J.: 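What follows is a single structure, and I will ask about it in a moment.
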There are 2 protein chains.
Amino acid sequence: MRSGPGSLILESGTEAATPSFPDDGKNTIASQLVSRLREAIISGQLEAGSKINLDRAKQSFNVSLSPLREALARLISDGLVEFEDNRGYRVSPVSLSNLEEITSLREEFETYALRESMRVGDVEWEGNVMRALHRLNRTERDASKPETLEQWEAVHREFHLTLISGCRKPLLLSFCKTMLNLNDRYRRTFLTRTSGDRNVSVEHSEIAQGTVARDMDYACDRLREHIHRTGTNLRRHLAEKGIA
Amino acid sequence: MRSGPGSLILESGTEAATPSFPDDGKNTIASQLVSRLREAIISGQLEAGSKINLDRAKQSFNVSLSPLREALARLISDGLVEFEDNRGYRVSPVSLSNLEEITSLREEFETYALRESMRVGDVEWEGNVMRALHRLNRTERDASKPETLEQWEAVHREFHLTLISGCRKPLLLSFCKTMLNLNDRYRRTFLTRTSGDRNVSVEHSEIAQGTVARDMDYACDRLREHIHRTGTNLRRHLAEKGIA
DNA sequence: TTTTGATAAATCATCGATTATTTGTCAAGC
DNA sequence: GCTTGACAAATAATCGATGATTTATCAAAA
């Protein structure tokens, strides 16, 4: 299926602009599935709480059972999928209490990671933060253009991860990444527009400015508020849709 | 292989004292493997950093490939196993920096979870804490008897988990459980005796007493010290064995 | 001697088919 | 009418075999 390095046969896939070089990562079907399934869950294509029928999933993703099961097993780490013996896999459900926990943990984990980053982060990290902020501010978010929403989600996620990427604590970073994933699912499912009384751009800028200035208390307070506001916002939207 | 409910054929396994009733959980080979592999890694039977050869593992555990791969995929969540495309699975390596991160995160996560537990925990939780303390104090730990060490590890782990079990934050609890697993691997691998200058029993009692008295600062300070001392201890033992 | 490239061996990834379990259905008994 | 139990359909779990990739080996060339 995959043409090896040096092959003259062009691949028929959508990606692969450089057919003579092996792709970086994501070589196996199982690994590709992890990405595709994660995206499908976060974006809401796979409904929260719904059972994942292996036969149907197998068909709709055009894969065999083994890589599908392996991908789902790996997704348990992300908290996006749950499993029970002989009952199979299901998309993790959403709930008010789950959202509240995610918000709380993001406040705790991310402020801790940000403080650590400011303590030990180097100049390159500072630069990455400013670059991520700039990209975020230059990315348009228009509810009438769905593709801009997706793009904005990506750079927004990247901004928050960059903020804490200087902390030199890989386990902590992976936890934060997980929480951010779970949080993004709520936003992408329930929140297409931002609340009117917020200027999110300013919030991001304040966090970033405080961060590179290494003003720990200021930056962490701003970040905590930012996360908290998003949580409050989302909670309201969940309540409107009658989700307990 | 498995005799169904009501069957008159007795199982040949070591467990299953009540053959007429389905086991609670752990029904499938994959799930049993998760437990067995986790125990094998934490106990040090599977060497840290070593590659897991699927063919050999298949034979030594007497299972087929599919459940083995699925079990390993699930173990990634626990941070005990790492994976790379086309290179397979390996036991997560140990290092000084990894131990230090685990210690830091345990300090942060567990004190936060303990505070939350004291804030919202109910009377039943309090009772569970006192029971876990009592069991721990009554469990002997004799380096000359390996089976007592294993037993002690189990009740010790149970004590720490019970402490924070009142917090009503399932995601936080699972993170703490993961960190505790990783920490226990270091202790079981590198630390068979407790340091001479510590009275660990007193430390546990102080934490538990402060907890049920809902003295947040006292209990959390004692817990943080307790975790920190264990970390310092372990770090020394790692250094002695020349592990960077 | 070191490097390179081809080949062989080991190992991982995937598939299709088989077996085991759960869930849905419905009739018999209470 | 409600519960119980047997049967059938749907679904999950496992297996053995096949295909793909990586790693090891070693001879030829620089």
Side-chain angles (χ1 to χ4, degrees), chain A residues 1-7 9 11-13 16 19-37 46 50-76 81-91, chain B residues 1-7 9 11-13 16 19-37 46 50-76 81-91:
Chain A
M1 183 58 67
R2 175 173 305 283
S3 61
S7 163
I9 302 162
E11 298 193 27
S12 59
S20 66
F21 217 72
D23 341 12
D24 40 5
K26 305 298 161 58
N27 277 307
T28 65
I29 297 180
S31 293
Q32 293 170 334
L33 266 180
V34 169
S35 302
R36 293 174 64 191
L37 282 165
L46 260 54
S50 68
K51 193 160 166 2
I52 298 173
N53 182 295
L54 294 176
D55 269 326
R56 278 192 285 276
K58 199 177 72 160
Q59 290 181 330
S60 78
F61 286 94
N62 259 299
V63 294
S64 187
L65 217 63
S66 321
L68 177 61
R69 289 188 68 93
E70 190 156 336
L72 287 168
R74 284 192 222 157
L75 275 175
I76 297 176
V81 157
E82 296 178 350
F83 173 82
E84 195 175 350
D85 270 348
N86 292 319
R87 299 220 180 139
Y89 294 89
R90 68 170 54 244
V91 182
Chain B
M1 183 57 70
R2 175 173 304 282
S3 60
S7 165
I9 302 161
E11 298 192 25
S12 58
S20 65
F21 216 74
D23 342 11
D24 38 10
K26 307 299 160 55
N27 278 307
T28 64
I29 296 179
S31 294
Q32 293 170 336
L33 267 181
V34 170
S35 302
R36 293 173 65 190
L37 283 165
L46 260 56
S50 67
K51 192 159 163 8
I52 297 173
N53 182 296
L54 294 176
D55 269 326
R56 278 191 285 276
K58 199 177 74 158
Q59 290 182 328
S60 76
F61 285 95
N62 258 299
V63 294
S64 187
L65 217 64
S66 320
L68 177 61
R69 288 187 69 94
E70 188 156 337
L72 287 168
R74 286 193 219 156
L75 275 175
I76 297 176
V81 157
E82 295 178 351
F83 174 82
E84 196 176 352
D85 271 347
N86 289 322
R87 300 225 176 134
Y89 294 89
R90 69 170 54 243
V91 182

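Just so it is clear: chains get the letters A, B, ... in the order the sequence lines come, proteins before strands, and each one is counted from 1. What you are looking at is a predicted structure, and each value in this text was computed from that prediction instead of being measured.
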J.: Test your reading of the model: is there a side-chain donor-acceptor pair from B:N27 to the backbone of A:D85, 3.5 Å cut-off?
T.: no

J.: For a quick test of reading the model: is some side-chain N or O of A:N86 closer than 4.0 Å to OP1 or OP2 of C:dT22?
T.: yes

J.: Give me the atom names and distance for the closest heavy-atom approach of A:A30 to A:A71.
T.: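 Between these two residues, the closest heavy atoms are O-CB, 3.6 Å.
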
J.: Is the shortest side-chain N/O distance from B:R56 to OP1 or OP2 of C:dT11 below 4.0 Å?
T.: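 Checking B:R56 against C:dT11: at least one side-chain N or O falls below 4.0 Å of OP1 or OP2.
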
J.: From the set D:dT14, C:dT14, D:dA13, return the single nucleotide nearest to any side-chain atom of B:A30.
T.: D:dT14

J.: Within less than 4.0 Å of OP1 or OP2 of D:dA12, is there a side-chain N or O belonging to A:K51?
T.: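 True: A:K51 side-chain N/O within range (under 4.0 Å) of D:dA12 OP1/OP2.
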
J.: How far does the helix from C:dT1-D:dA30 to C:dC30-D:dG1 bend, going by the axes of its first and last five pairs, to the nearest 10°?
T.: 20°

J.: D:dT11, C:dC12, D:dA13: which one has an atom nearest the side-chain heavy atoms of B:N53?
T.: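 Closest nucleotide among those given: C:dC12.
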
J.: Students often get this wrong, so: under 4.0 angstrom with heavy atoms, is A:Y89 touching a base, only sugar-phosphate, or nothing?
T.: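 Nothing, no heavy atom under 4.0 Å.
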
J.: Which is more 5' along DNA chain D, the nucleotide nearest B:I29 or the one nearest B:R87? Just name the residue.
T.: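 The 5'-side residue here is B:I29.
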
J.: Looking at every heavy atom in both A:A57 and A:I52, which two are closest together, and how far apart are they?
T.: CB-CG2, 4.1 Å

J.: B:Y89 and side-chain contact (heavy atoms from CB on, under 4.5 Å): which partner among B:L37, B:L72, B:N53?
T.: B:L72

J.: I need the CZ-P distance between B:F83 and D:dT22, as an integer number of Å.
T.: 12 Å

J.: Against the six-membered ring of A:F61, is A:R36 placed for a cation-pi contact (under 6.0 Å from the centre, within 45° of the normal)?
T.: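 Verdict for A:F61: no cation-pi partner in A:R36.
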
J.: Have a look at A:L33 and say if it touches a base, only the backbone sugar-phosphate, or nothing, with a 4.0 Å heavy-atom cut-off.
T.: nothing

J.: For the residue pair A:R69 and A:L54, what are the closest heavy atoms and their distance?
T.: NH1-CD1, 3.4 Å

J.: For DNA chain C, which residues in residues 59-76 of chain A have a heavy atom at a distance below 4.0 Å?
T.: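 Per residue number, the list reads A:S64, A:S66, A:P67.
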
J.: Where is the tightest heavy-atom contact between A:V34 and A:R74, given as atom of each residue plus distance?
T.: CG2-NH1, 4.0 Å

